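Per chain, numbering begins at 1; letters A, B, ... match sequence-line order. Fair warning: this is a prediction, and the values are worked out from it, not measured in the lab.
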Protein chains: 2
Amino acid sequence: MSARGRPRSFDRTEALEKAMEVFWQQGFEGSSMSDLTTAMGINSPSLYAAFGSKEALYLEAVRHFSETAAAGTFRALMEAPTLREGLAAMLHASISCSTQEGRPQGCMIALGATHCAPENERVRLELKEMRRILRDTLRLKFETAVADGLLPPDLDPGSLATYFATLVHGISIQARDGATREELKAVVVHALASFDRATRVNDPAGSA
Amino acid sequence: MSARGRPRSFDRTEALEKAMEVFWQQGFEGSSMSDLTTAMGINSPSLYAAFGSKEALYLEAVRHFSETAAAGTFRALMEAPTLREGLAAMLHASISCSTQEGRPQGCMIALGATHCAPENERVRLELKEMRRILRDTLRLKFETAVADGLLPPDLDPGSLATYFATLVHGISIQARDGATREELKAVVVHALASFDRATRVNDPAGSA
DNA sequence: TCATTTCTGTGTTGATCGATACATAAATGC
DNA sequence: GCATTTATGTATCGATCAACACAGAAATGA
């Protein structure tokens, strides 16, 4: 590859990981270049040469987060044998990711750039887009299940998708504020109860 | 009161309201003194004389928010004739507050300072405390209902409190990302289904 | 009238922000 | 060896940050 020139003296991925943890803990606007270079163990010019800018580093850190720490959440939803199990696994994975020991609490994507200065609007839109993907994926799952006859035909896929996306995002705020893994697992039980109620056909006693 | 001296040339509450909207939209770290003085229509020294510091202004703005825009959410929970109606009204009020036209989307308290720079930790703790109050109020409501025999004795108040707090906070993230009032109202239906399931005694068919 | 008190606008403070200029170091190709 | 290429460390850039000094303005009380 790039054999020419003086070789980089640090591991790019390791540095990215360190930057990710700083941004995960303090957010984009709460992390200064000084915070980042200190954590990454490099000087400012090396950071700019390797990542471009603070914003580019943040976006790359978020992408790295989604491919590592948050990957389990999506995989859980996609790979479970049934949709119900997938939803439960997704919530459990989200809780696990949000309550890791020795790491910032809450999901970097769920909490990232929910509000920011006007000049950082680009960052907010990028994070908003990543959060949108969760809801769209959920809706597609519900739509497919309805089309396959696995769920009642009158079920509203968008409604359930919004509901589960709301739970995943709410879990991160709870975790950030100190909620434990055990406290949050109770949320899954109630979420599944809603799912069971919404996917049950012709049960007049269900609402009593 | 303070009759002596040159009278203040601006309305303190109006200025606080303007500051609240800036912080609500951009967050604490995303709002600069320049943003604030411009929106408030005053100069920096007047701001410091009237409010003390940027941090003090933010905390006062959040308190003002909780007493005005967010007041309906708590009142709905406390004043409804039944707990079930109170929960539904609380969620609806939270959705209304989070999707007002011409105002920032999402709740200022739910989204406020979920992460920040270490030097602003005091701000984060204050917001975390305000969010904690919601969960504690909910738990107390459930505990009282159990003690009064209105809910099954084996019901876990903390579990349901975490669940509903998660929903309220998740709703704000959805709203901030552009979810409409109608989309979010679907969440209430599913939440009440969970409540009904959790508060039903001896229903072996309920889990089928 | 005039001292006292409080607020306002101008201008500026030191600190920190994100981002680079520049000279040097360390690799390769020939 | 020597030109070329790329990365590094030092030192610093202009801009902006939150906060304030100061003098003048506008009210009061005596």
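Map B/Ile42 and A/Lys54 each onto its nearest nucleotide of DNA chain C; the residue landing nearer the 5' end is B/Ile42.
Between B/Ser9 and the phosphate of C/dC7, there is no side-chain N or O to OP1/OP2 separation shorter than 4.0 Å. Neither OP1 nor OP2 of D/dT8 sits under 4.0 Å from any side-chain N or O of A/Asn43. For A/Tyr48 and C/dA19, the shortest distance from a side-chain N or O to OP1 or OP2 is below 4.0 Å. Regarding contacts with the backbone of D/dA7, every side-chain N or O of A/Ser46 stays at 4.0 angstrom or more from both OP1 and OP2. Dashed line: the shortest gap from a side-chain N or O of B/Ser44 to OP1 or OP2 of D/dA19 is not under 4.0 Å.
Within the 4.0 angstrom heavy-atom criterion, only backbone atoms of the sugar-phosphate kind lie near A/Ser31; the bases stay farther away.
Closest contact between the side chain of A/Phe10 and the listed nucleotides D/dA19, D/dC17, D/dT8 involves D/dT8. Residue B/Pro45 has its side chain nearest to D/dA21 when only D/dT4, D/dA21, D/dA27 are considered. If you check D/dC17, C/dA27, D/dA27 against the side chain of B/Pro7, the one that comes closest is D/dA27. Minimum atom distance to the side chain of A/Arg8 is reached by D/dT8, of the listed C/dG29, D/dT8, D/dT28.
For B/Arg6 against D/dA25, a side-chain-to-base donor-acceptor contact under 3.5 Å is present.
Look at B/Lys18 and B/Glu21 and you find no salt bridge, because none of the NZ, NE, NH1 or NH2 atoms lies under 4.0 Å from a carboxylate O.
Checking each of B/Arg131, B/Arg135, B/Lys128 against A/Asp177 for a salt bridge (Lys or Arg N to Asp or Glu O under 4.0 Å) leaves exactly one that passes, namely B/Arg131.
Remark: side-chain polar atoms of B/Trp24 are paired, donor with acceptor, to backbone N or O of B/Gly106 under 3.5 angstrom.
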